[in-house]
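Taking it in order: structure first as structure tokens, then the write-up.
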Amino acid sequence: MNAVVHSSFVAIDFETADELRDSACSVGMVRVDDGRITERVHRLIRPPRNAFRYSQIHGIEWSEVEDQPPFSVVWPGLECILEGASVLVAHNAAFDRSVLHCCIRSANLNPPAIPFECTMKISRRIWHIFPTTLPHVCQYLGIELQHHNALSD
């Protein structure tokens, strides 16, 4: 089966502070143009609550983000990375899409007019590997990964 090839895409990953999707505390974005990484961006985000339930997963604590800007300030500075890209990709895109859309809704911003693709589903379809967690896919492809670091993921 042939893969859909996009000349420009942006990979995105969020880390959240708690179980609610509006609690983004970190975002990583990598833009790829014609097969080359052209931009890498990582931002810490002050979530709406100081309850951090997932610090043991991603290592981010409230003390690291309490003085950072909220999503409503961070996102407008990142949207330009999407300009001209044909697709936004994420591993387990349902999660990252829901975080992005919930944070955008909470901030009264407009969602990006760009489709999402799920690299987990793509890896299953193309390489027929299971499981297709991000660490497994990176190992399969020989890519070094610092899992649950938004820029690395």
Side-chain angles (χ1 to χ4, degrees), residues 6 8-33 36-124 129 131-153:
H6 299 280
S8 294
F9 67 89
V10 176
I12 190 168
D13 183 75
F14 285 99
E15 300 300 330
T16 56
D18 61 36
E19 63 280 349
L20 299 176
R21 297 294 199 242
D22 69 342
S23 70
C25 60
S26 174
V27 61
M29 298 172 74
V30 176
R31 181 171 177 120
V32 177
D33 294 300
R36 288 182 19 259
I37 293 174
T38 56
E39 194 163 358
R40 294 176 199 256
V41 177
H42 176 256
R43 296 286 185 274
L44 291 175
I45 303 166
R46 186 181 68 238
R49 294 166 299 283
N50 65 0
F52 268 64
R53 302 202 197 299
Y54 299 139
S55 294
Q56 77 281 6
I57 295 172
H58 50 57
I60 302 168
E61 303 273 345
W62 173 252
S63 61
E64 295 174 71
V65 298
E66 66 182 321
D67 294 329
Q68 296 298 316
F71 184 86
S72 61
V73 174
V74 171
W75 184 250
L78 297 177
E79 280 185 297
C80 62
I81 296 169
L82 301 176
E83 288 178 20
S86 57
V87 68
L88 193 55
V89 301
H91 204 75
N92 190 13
F95 172 78
D96 294 289
R97 179 180 31 241
S98 68
V99 171
L100 177 60
H101 287 188
C102 190
C103 288
I104 282 176
R105 230 181 357 266
S106 295
N108 292 318
L109 299 172
N110 294 319
I114 184 170
F116 253 94
E117 296 262 351
C118 181
T119 56
M120 185 170 63
K121 290 179 181 179
I122 292 169
S123 63
R124 287 178 185 161
I129 58 172
T132 50
T133 64
L134 189 56
H136 284 101
V137 172
C138 287
Q139 181 180 10
Y140 179 80
L141 295 173
I143 297 171
E144 190 174 323
L145 176 67
Q146 185 181 348
H147 198 29
H148 296 297
N149 170 295
L151 188 57
S152 182
D153 283 358

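Hydrogens, waters and symmetry mates are skipped; everything else that's a heavy atom, side chains included, is used. Just so we're clear, the structure is a prediction, and the values are computed from it rather than from any experiment.
A donor-acceptor pair under 3.5 Å is absent between the side-chain atoms of His58 and the main chain of Ala17, judged by distance alone. Judged by distance alone, with hydrogens and angles left aside, the side-chain atoms of Thr16 form no donor-acceptor pair with the main-chain N or O of Ala24 at under 3.5 Å. Here the side chain of Ser86 pairs a donor or acceptor atom with the backbone of Ser8 at under 3.5 angstrom.
Scanning both residues, Ile12 and Met29, for their nearest heavy atoms gives CG1-CG, 3.8 Å. Closest of all the heavy-atom pairs between Cys80 and Gly77 is SG-O, 3.9 Å. When all heavy atoms of Thr132 and His91 are compared, the pair lying nearest together is O-NE2, 2.7 Å. The minimum heavy-atom distance between Arg31 and Glu83, with the atom names listed, is NH1-O, 2.8 Å. The two residues Val87 and Pro115 make their nearest non-hydrogen contact at CG2-O, 3.3 Å.
Considering only heavy atoms from C-beta on, Gln68 stays 4.5 Å or farther from Ile45 through its side chain. A heavy-atom distance below 4.5 Å is found between the side chains of Pro47 and Trp62. Counting only heavy atoms from C-beta outward, the side chains of Val10 and Ile114 never approach each other to under 4.5 Å. Put simply, the side chain of Arg43 does not reach to within 4.5 Å of the side chain of Pro69, judged on heavy atoms. No side-chain heavy atom of Glu66 sits less than 4.5 Å from a side-chain heavy atom of Asn50. In this structure, the side chains of Val137 and Thr119 stay at 4.5 Å or more apart for every pair of heavy atoms. Here the side chains of Cys102 and Leu20 are not in contact, with every heavy-atom distance at 4.5 Å or above. Between Glu79 and Trp75, the closest side-chain pair of non-hydrogen atoms falls below 4.5 Å.
Separating the NE2 atom in His148 from the OH atom in Tyr54 is a distance of 11.0 Å, to the nearest 0.5 Å. Atom CZ of Phe95 is separated from atom CE of Met120 by 12.0 Å, given to the nearest 0.5 angstrom. How far CZ of Arg53 is from CG of Asp18: 6.0 Å, rounded to the nearest 0.5 Å. Taking CD of Gln56 as the reference point, atom CD of Glu61 lies at 9.5 Å (rounded to 0.5 Å). Interatomic distance, CG of Asp22 versus OG of Ser98, reported as 10.5 Å (0.5 Å rounding). The structure places CD of Glu15 at 10.5 Å from OG of Ser23, a figure rounded to the nearest 0.5 Å.
In this structure, Arg49 places its CZ atom where more than 12 heavy-atom neighbours from other residues, nucleotides or ligands lie under 6.0 Å away. At most 12 heavy atoms of other shown residues, nucleotides or ligands fall within 6.0 angstrom of atom CD in Glu144. Taking a 6.0 Å sphere around CD of Glu39, one finds it holds more than 12 heavy atoms contributed by other residues, nucleotides or ligands.
The aromatic rings of Phe14 and Phe71 sit tilted relative to each other, their planes meeting at an angle between 30° and 60°.
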(request) Evaluate the criterion side-chain contact (heavy atoms from CB on, under 4.5 Å) for residue pair Asp13 and Asp96; output intermediate values, then yes/no. (result) CA-CA 6 Å; Asp13 183 75; Asp96 294 289; 3.8 Å; yes
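In this structure, the side-chain hydrogen bond (donor to acceptor under 3.5 Å, both in side chains) partners of Ser26, at least two apart in sequence or on a different chain, are His42.
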